[in-house]
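Atoms within each ligand, like the ligands themselves, are counted from 1 in listed order.
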Amino acid sequence: MKIKKDVVEIVFNSLEGQLSREQIEHMLEKPQYDYMGDLAFPCFTLAKLFRQSPQSIASDIASKITNPLVEKVEAVSGYVNVFLKRDKVTNEVINEVNRSAQEYGNLDIGRGEVVTLDFSSPNIAKPFSMGHLRSTVIGNSLALVAEKCGYKTVKINHIGDWGTQFGKLIVAYRLWGKEDTVRQDPIKELLKLYVHFHEKAEHDPSLNDQAREWFKKLEEGNEEARSLWTWFREESLQEFSKIYKKLGITFDSYHGEAFYNDKMQRIVDLLEEKKMLEQSEGAHVVPLEDLPPCLIRKRDGSTLYATRDLAAALYRQENYHFKKSLYVVGNEQSLHFQQLFTVLKKMGYEWQKGMEHISFGMMLKDGKKMSTRKGKIVLLEEVIQEAISLAMKNINEKNPQLEAKEEVARHVGTGAIIFHDLKHHRSNDIEFSLEDMLRFEGETGPYVQYTHARASSLLIKGQFEKESEYAGSDDKQAWSVVTLLMYFPDVIKRASENSDPSQIAKYVVELSRAFNQYYGSVRMLDDASKRQARLSLVYSVKTVLKEGLRLLGLQAPEKM
Ligand code: ARG
């Protein structure tokens with residue numbers, strides 16, 4: 001927003017280059033209470049630098065702030081408090097939002113550079129877990145935020161489709177599997193076979209040897225092994241795609257672990273060349289100073305998860321030239337990523353600095369980890385379907401005449417699940433509760449969607465006219481809505497810098513609350529002379545709510 005830039009500039013000049021514009025912008029606060037003004041700049045950290053008291057620095061800066069949008073400036077207890085001319089600022093904000101429409105808040109931090117996002121990445125022949133769901137919705141939102149900030153994104157689903165477990169699966173299928181039962185319900189059946197294999201192998205260790213042999217055959221391209229693997233893979237991907245479709249999520253690449261089979265020898269050669277590889281009990285490892293060694297090749301010659309990730313990193317840098325490379329994967333893999341990044345750094349790759357593990361906590365049910373092992377599986381597709389059914393039930397009670405009910409129910413049901421995940425900081429564990437997610441009150445997706453729909457119907461009812469120049473409402477109660485609208489670009493910036501979609505989720509809830517409060521205190525359509533000015537604010541709110549929801553991966557139905 002222009003007025004903020006102006007204030008930053010004035011403060012910058014009065015500090016004679018002691019702080020950068022960036023730093024100043026970072027320090028500018030939105031005061032908690034009205035009497036402290038609309039923008040505040042704290043001077044405490046400057047006291048040492050200037051050998052003056054915070055208060056005298058504040059007075060000095062305050063005396064220099066003059067601007068047509070500023071009503072008055074006060075220096076109080078070490079803060080510069082700036083009071084804005086509310087009518088003028090309102091006007092400016094509303095016009096900027098309404099003219100930019102969905103482009104409001106677009107930033108150019110990314111300058112067209114590439115970010116790769118590795119997210120979702122489920123394992124074939126296994127159910128899509130809650131952890132994969134978390135990765136999917138967090139990763140998708142981060143991609144949308146990155147694009148909003150001017151990055152190009154490559155969304156990669158690094159499918160877990162390779163590893164010794166496929167030897168086990170092939171052995172199990174050849175011994176106990178039936179083609180049509182697998183075709184009917186692939187993931188459940190394959191999981192059953194896998195679990196059965198483990199039970200049997202406890203008493204019959206020779207099964208493990210067979211599994212190793214079959215994995216070796218698979219690696220060597222044996223036709224039977226290869227065709228079973230391809231079949232399992234396709235069936236699984238088809239199941240996963242049902243979930244992606246419901247959530248409205250797409251990927252640019254499905255190159256999974258198997259894709260890197262023929263790209264790993266190069267990694268081993270490079271590591272050897274750089275004298276980083278050591279033998280340890282027949283296996284090849286890269287020793288690391290403060291971490292356990294990174295295992296590259298097992299004694300039997302087979303490669304590992306880490307080896308494939310090394311190959312993938314090189315491939316991505318060479319093909320996408322990423323500036324940043326984000327891995328949205330649960331906390332439990334943090335050692336793996338530390339090792340991966342350290343090995344690449346030791347190999348001398350500068351671009352490694354752009355890589356980051358975006359970790360997240362667990363999904364809990366009644367305080368315990370939601371497990372997909374041991375047959376006790378929570379089938380995600382069923383969970384999503386249940387959320388949609390509940391949303392439908394809600395619609396049928398409240399608004400049975402609604403058009404396109406199925407679609408709205410899907411948007412509300414899936415939106416509830418996504419929002420519930422993203423409103424918490426990702427590093428927290430979260431409790432899974434469909435009831436909480438679907439509430440129409442409180443911090444939920446449906447609440448924000450409902451507020452958006454309410455704004456939409458108000459615009460229709462009041463016959464809002466789009467114009468080239470808007471008058472903003474001068475209602476006193478509208479001011480908190482206006483300041484929130486003003487801060488939307490800052491929120492996006494923070495979400496991007498900290499890879500933290502919860503910033504946006506919390507923001508849209510706050511904006512919804514402020515708007516509903518305003519809506520409850522003023523009869524919006526009664527006074528014909530004020531109607532269009534009020535509706536232009538409603539229109540801004542609708543635009544920003546919709547855009548905020550979009551960045552989280554939610555739809556904003558016009559009617560609910
Ligand atoms: N498939 C792995 C899992 O389910 C996640 C893969 C994450 N991505 C990566 N490049 N390692 O645990």
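- For ligand 1, the polar-atom distance check finds an N/O of His132 within less than 3.5 Å of one of the ligand's N/O atoms.
- Annotation for ligand 1: atoms under 4.0 Å from non-hydrogen atoms of Phe337 are 11 (N).
- In terms of polar-atom proximity, His336 is not counted as a contact of ligand 1, lacking any N or O under 3.5 Å from an N or O of the ligand.
- By the 4.0 Å heavy-atom criterion, Phe119 is excluded from the residues contacting ligand 1.
- Salt bridge annotation for Glu510-Lys30: absent, with no cationic side-chain nitrogen under 4.0 angstrom from a carboxylate oxygen.
- The pair Arg439-Glu435 does not meet the salt-bridge criterion, since no charged nitrogen lies less than 4.0 angstrom from a carboxylate oxygen.
- Interface atoms of ligand 1 facing Tyr327, defined by a heavy-atom separation under 4.0 Å, are 10 (N).
- Between Tyr349 and Trp351, the angle of the ring planes stays under 30°, which puts this pair in the parallel group of the 30/60° scheme.
- Using a 4.0 Å cut-off between heavy atoms, Ile159 makes no contact with ligand 1 at all.
- Remark: Asp118 engages Arg316 in a salt bridge, criterion side-chain N to carboxylate O under 4.0 Å.
- Scanning all protein heavy atoms for the shortest distance to atom 12 (O) of ligand 1 gives Gln333 NE2, 2.8 Å.
- No cation-pi contact links Lys192 to Tyr194, judged by a cut-off of 6.0 Å to the six-membered ring centre and 45° from its axis.
- Judged as a side-chain contact (heavy atoms from CB on, under 4.5 Å), and not counting sequence neighbours, the contacts of Pro293 are Val285.
- Taking atom 6 (C) of ligand 1 as the reference point, the nearest protein heavy-atom neighbour is Tyr305 OH, 3.2 Å.
- Backbone and side-chain nitrogen or oxygen atoms of Asp118 are examined, and one is located within less than 3.5 angstrom of a nitrogen or oxygen of ligand 1.
- Salt-bridge formation is not detected for the pair Glu443/Lys506: no Lys NZ or Arg NE/NH1/NH2 atom is positioned less than 4.0 Å from an Asp or Glu carboxylate oxygen.
- Checked against a 3.5 angstrom limit, the closest N/O atoms of Asn123 and ligand 1 fall inside it.
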